Amino acid sequence: MSSPVLLDRMAANFAEHSCHLHRKTAGMTVVETDDLVIADGDVADDTFNIITGTRFTESTVDIRIAETVAMIGGRFSWWVDSTSTPGNLSDRIAAAGFPALEPEPGMVADLASLPALEVPPGLRIERVRDAGQLADYAAILAANWSPPASGVIRFYERAAVAALDPACQARCFVGYVGDAAVCAAEAFLAHGVAGIYNISTLAGFRRRGFGRAITLSALLAARAEGFGTAVLQTSPDGQELYRGLGFTVAGSFTEHSVTGFRRSDP
């Protein structure tokens, strides 16, 4: 299922997802040039401080890496994908002093071939449509860190207007057991594909089929809106879940943790 066009769409969806809320939220910034995107979430959390969409040339790559680092303040995640250039970009970023983390596979699925949705007993899945549900969604994502990441909470509090705008391209879902929010998922509809992001289940509720059910709910919602292909990136350990939903590997993403010391705003 992999093709240059599909890899381009996967990368473009990731880049747009990285900055779509930033563009509409006061204090957050997006720098877009013809060779990269820098999204600054203004919350001192590299979950939302992202560099992506890199298209440097062989002759300028080292200069552009240095210029990019000089443009940012604080910690950012720099994502290199299968379409990034030059082909040894990750090595060049590492040589500049920012080693790569473990590569993550990019995966794709045909939404026409999804299995039937089976919601485990006791789980109720709702699409996020109000501030309370968005706060629940953020709390689930924040719980991926110990202690929970306060920057994730602050980001969604500040971006709530943009995230809840009916025109927003994100379709976020929360799973509840009783009144407790326990799992989350997002489908981001852009560049002709549905990007699947933020699949999370609280530690005490894992291995019950909740992650599969809420991921499938997001995929089915994307299909209902006319999308035929889904894309995502995952840790190697997450592949089993997604293969069970019809995903196959097509490309890769590599993250570098980058710290810059910008002296003035870009």
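On a predicted model such as this, the values are computed, not experimentally measured, just so you know. Counting from 1, the numbers follow the sequence of the chain as shown.
Contacts classified as ring pair (Phe, Tyr, Trp, His ring centres under 6.0 Å) and involving residues 103-139 (residues at least two apart or in different chains) are given here: Tyr137-Tyr156. For residues 192-241, the set of pairs meeting the ring pair (Phe, Tyr, Trp, His ring centres under 6.0 Å) definition, not counting sequence neighbours, comprises His17-Tyr197.
The two residues Leu134 and Ala163 have their closest heavy-atom pair at CD2-CB, 4.0 Å. Pairing each heavy atom of Ala218 with each of Ala187, the nearest pair is O-CB, 3.7 Å. Of all the heavy atoms in Ala109 and Gly246, the pair that sits closest is CB-O, 3.8 Å. The two atoms that bring Arg158 and Ala26 nearest to each other are NH2-O, 3.0 Å, heavy atoms only. When all heavy atoms of Ile65 and Ala96 are compared, the pair lying nearest together is CG2-CB, 3.9 Å. Nearest heavy-atom pair across Gln169 and Ala190 is NE2-CB, 3.6 Å.
Note: Phe253 and Trp79 have perpendicular aromatic rings, judged against thresholds of 30 and 60 degrees for the angle between ring planes.
Listed for the Arg75 side chain is no donor-acceptor partner under 3.5 Å among the backbone atoms of Asp46. Of the possible donor and acceptor atoms, none in the side chain of His256 sits under 3.5 Å from a partner among the backbone N and O of Val80. Side chain of Thr60 to backbone of Ile63: no donor-acceptor contact under 3.5 angstrom is found. No donor-acceptor pair under 3.5 Å is formed between the side chain of Asn198 and the backbone N or O of Ala184. With hydrogens and angles ignored, the 3.5 Å screen pairs no side-chain donor or acceptor of Arg212 with any backbone N or O of Leu241. Remark: the backbone N or O of Val193 is paired with a side-chain donor or acceptor of Asn13 at under 3.5 angstrom. The closest donor-acceptor contact from the side chain of Ser252 to the backbone of Pro105 lies at 3.5 Å or more, if one exists at all.
Cluster annotation: Leu245 is connected to Leu117 through the hydrophobic network of ILVMFWY side chains, with a link wherever side-chain heavy atoms come within less than 4.5 Å. Hydrophobic clustering of Ile, Leu, Val, Met, Phe, Trp and Tyr side chains at less than 4.5 Å, counting indirect connections, unites Val152 with Leu164. Leu141 is connected to Leu202 through a chain of hydrophobic side-chain contacts under 4.5 Å among Ile, Leu, Val, Met, Phe, Trp and Tyr, so both are in one cluster. Tracing side-chain contacts under 4.5 Å through hydrophobic residues (I, L, V, M, F, W, Y), one reaches Val43 starting from Trp145; they form part of the same cluster.
Side-chain contact check for Val30 versus His20: every heavy-atom pair is 4.5 Å or farther apart. Looking at heavy atoms from C-beta onward, Leu123 lies out of side-chain contact with Ile214 at the 4.5 angstrom threshold. Between Leu36 and Val31 there is no side-chain heavy-atom pair separated by less than 4.5 Å. Under the 4.5 Å side-chain criterion, counting only non-hydrogen atoms from C-beta, Glu32 is in contact with Val37. Two residues are said to be in side-chain contact when any heavy atoms from C-beta on lie closer than 4.5 Å; Asp40 and Phe76 meet this criterion. Counting heavy atoms from C-beta outward, His191 and Asp8 have side chains that stay 4.5 Å or more apart. Thr248 has its side chain within reach of Val108: a pair of non-hydrogen atoms, C-beta onward, lies under 4.5 Å apart. Val161 has its side chain out of reach of Lys24: every pair of non-hydrogen atoms, C-beta onward, lies at least 4.5 Å apart.
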Checklist entry - Given Glu67 and Arg64, is the salt bridge (Lys or Arg N to Asp or Glu O under 4.0 Å) satisfied, shown in steps? => result CA-CA 5 Å; Glu67 290 174 343; Arg64 291 294 288 127; 2.9 Å; yes

Checklist entry - Checking side chain to side chain contact (heavy atoms under 4.5 Å, CB included) for the pair Thr68/Trp78: CA distance, chi angles, key distance, verdict? => result CA-CA 10 Å; Thr68 301; Trp78 193 330; 3.9 Å; yes

Next on the checklist: With side chain to side chain contact (heavy atoms under 4.5 Å, CB included) as the criterion, how do Glu126 and Val174 come out once you've worked through the C-alpha distance, each side chain's angles and the decisive distance to 0.1 Å?
Outcome noted: CA-CA 5 Å; Glu126 298 181 2; Val174 175; 5.6 Å; no

Checklist entry - How far apart are the C-alpha atoms of Ile51 and Ile72, what are their side-chain angles, what is the distance that settles it, and do they pass the side chain to side chain contact (heavy atoms under 4.5 Å, CB included) test? => result CA-CA 10 Å; Ile51 305 167; Ile72 63 174; 4.2 Å; yes

Checklist entry - Please walk me through it: do Thr215 and Tyr242 pass side chain to side chain contact (heavy atoms under 4.5 Å, CB included)? => result CA-CA 9 Å; Thr215 302; Tyr242 301 118; 4.1 Å; yes

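Thr33 and Asp35 share a donor-acceptor pair across their side chains, judged by distance under 3.5 Å alone. Side chains of Arg207 and Thr201: no donor on one and acceptor on the other come within 3.5 Å.
With respect to Asp45 and Arg154, no salt bridge is recorded, no charged nitrogen being found less than 4.0 Å from a carboxylate O. Ion pairing of Arg9 with Glu16 is absent here, as no side-chain N (NZ or NE/NH1/NH2) approaches a carboxylate O to less than 4.0 Å. Using a 4.0 Å cut-off between charged side-chain N and carboxylate O, Asp62 and Arg92 make a salt bridge.
With values rounded to the nearest 0.5 angstrom, Glu255 atom CD is found 7.0 Å from Glu104 atom CD. Rounded to the nearest 0.5 angstrom, Ile38 CD1 and Thr54 OG1 are separated by 9.0 Å. Going from atom OH of Tyr176 over to atom CD of Gln133 covers 5.0 Å, rounded to the nearest 0.5 Å. Distance check: Ile125 CD1 to Ser217 OG gives 3.5 Å after rounding to the nearest 0.5 Å. Residue Leu220 holds its CG atom at 9.0 Å from CZ of Phe173, rounded to the nearest 0.5 Å. Separation of atoms CG (Leu6) and OG1 (Thr83) is listed at 11.0 Å; rounding is to 0.5 Å.
Partner of Asp91 under the side-chain contact (heavy atoms from CB on, under 4.5 Å) criterion, chosen from Ile93, Leu89, Asn88: Asn88. No option in Ser77, Ser18, Ser84, Cys19 other than Ser18 meets the side-chain contact (heavy atoms from CB on, under 4.5 Å) test with Thr52.
In this structure, Phe155 has its ring center under 6.0 Å from that of His22.
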